[in-house]
Amino acid sequence: MQDVETDKITLGNIAENLRRLRAERGLSYSELARRCSVEVDGERNTAYPATIERIEKGKHMPSTSLAKRIAEALGVSLDDLTEAREKIPA
């Protein structure tokens, strides 16, 4: 019996969606990183532009916490950031 993972979160999905969503909103890596940085219990949890760029280029898988902060900063759900988009035939 084959194990089918239809809801698998992949770095490729995140990278593609992040690239598209960030471009649609006209945000730089620096601005998105600033919007993703939060203060928790008096400690600053900083997102760095280089990290955002590495995620977008498919070189770094974000933690769940960072993925949630990125989605929130982009004004989308976590699913919108992580799920594969349907390919539309040319």
Side-chain angles (χ1 to χ4, degrees):
M1 186 164 144
Q2 185 178 5
D3 183 19
V4 179
E5 296 183 63
T6 56
D7 295 332
K8 185 175 181 182
I9 295 173
T10 68
L11 181 54
N13 293 347
I14 294 171
E16 180 182 334
N17 293 334
L18 174 56
R19 186 171 29 259
R20 177 182 50 79
L21 292 164
R22 187 181 64 79
E24 286 174 358
R25 286 152 180 76
L27 297 174
S28 66
Y29 294 126
S30 295
E31 178 58 21
L32 182 55
R34 186 190 67 72
R35 292 180 184 195
C36 292
S37 297
V38 295
E39 191 166 312
V40 178
D41 296 329
E43 290 189 29
R44 190 82 180 147
N45 191 343
T46 304
Y48 296 97
T51 302
I52 302 295
E53 182 178 12
R54 290 187 70 224
I55 295 166
E56 189 173 292
K57 291 185 178 199
K59 296 180 179 182
H60 178 76
M61 178 66 95
S63 65
T64 302
S65 172
L66 180 55
K68 287 178 182 177
R69 294 189 339 250
I70 291 170
E72 184 176 314
L74 292 169
V76 298
S77 70
L78 186 57
D79 286 344
D80 289 336
L81 181 64
T82 60
E83 290 182 350
R85 292 175 44 108
E86 290 186 34
K87 301 290 182 188
I88 301 171

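Predicted model, so just to flag it, every value in this text is computed and none were measured. Below, all heavy atoms of this structure are taken into account, side chains as well, without hydrogens, waters or symmetry copies.
- For the pair T82 and N13, the minimum side-chain heavy-atom distance is 4.5 Å or more.
- For the pair I70/I55, a side-chain contact is recorded, criterion being any heavy-atom separation below 4.5 Å from C-beta on.
- Taking NZ of K57 as the reference point, atom CZ of R19 lies at 9.5 Å (rounded to 0.5 Å).
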For residues 72-79, tabulate all N or O donor-acceptor pairs below 3.5 Å that involve a side-chain atom, not counting sequence neighbours.
from, atom 1, to, atom 2, distance (Å)
S77, OG, D79, N, 3.4
S77, OG, D80, N, 3.0
S77, OG, D80, OD2, 3.3

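- Scored by the salt bridge (Lys or Arg N to Asp or Glu O under 4.0 Å) test, R20 finds E24 as partners (sequence neighbours excluded).
- Scored by the side chain to side chain donor-acceptor pair (under 3.5 Å) test, E56 finds R22, Y29 as partners (sequence neighbours excluded).
- From I52, atom CD1 reaches atom CG of L66 across 5.5 Å, with rounding to the nearest 0.5 Å.
- Among all heavy-atom pairs drawn from L11 and H60, the shortest one is CD1-O, 3.1 Å.
- Without hydrogens or angle criteria, S37 side chain to A47 main chain gives a donor-acceptor distance under 3.5 Å.
- Ionic pairing of E31 and R34 is present here: one or more N-O contacts between side-chain nitrogen and carboxylate oxygen are shorter than 4.0 angstrom.
- In this structure, CD on E53 lies 11.0 Å from OG on S28, to the nearest 0.5 angstrom.
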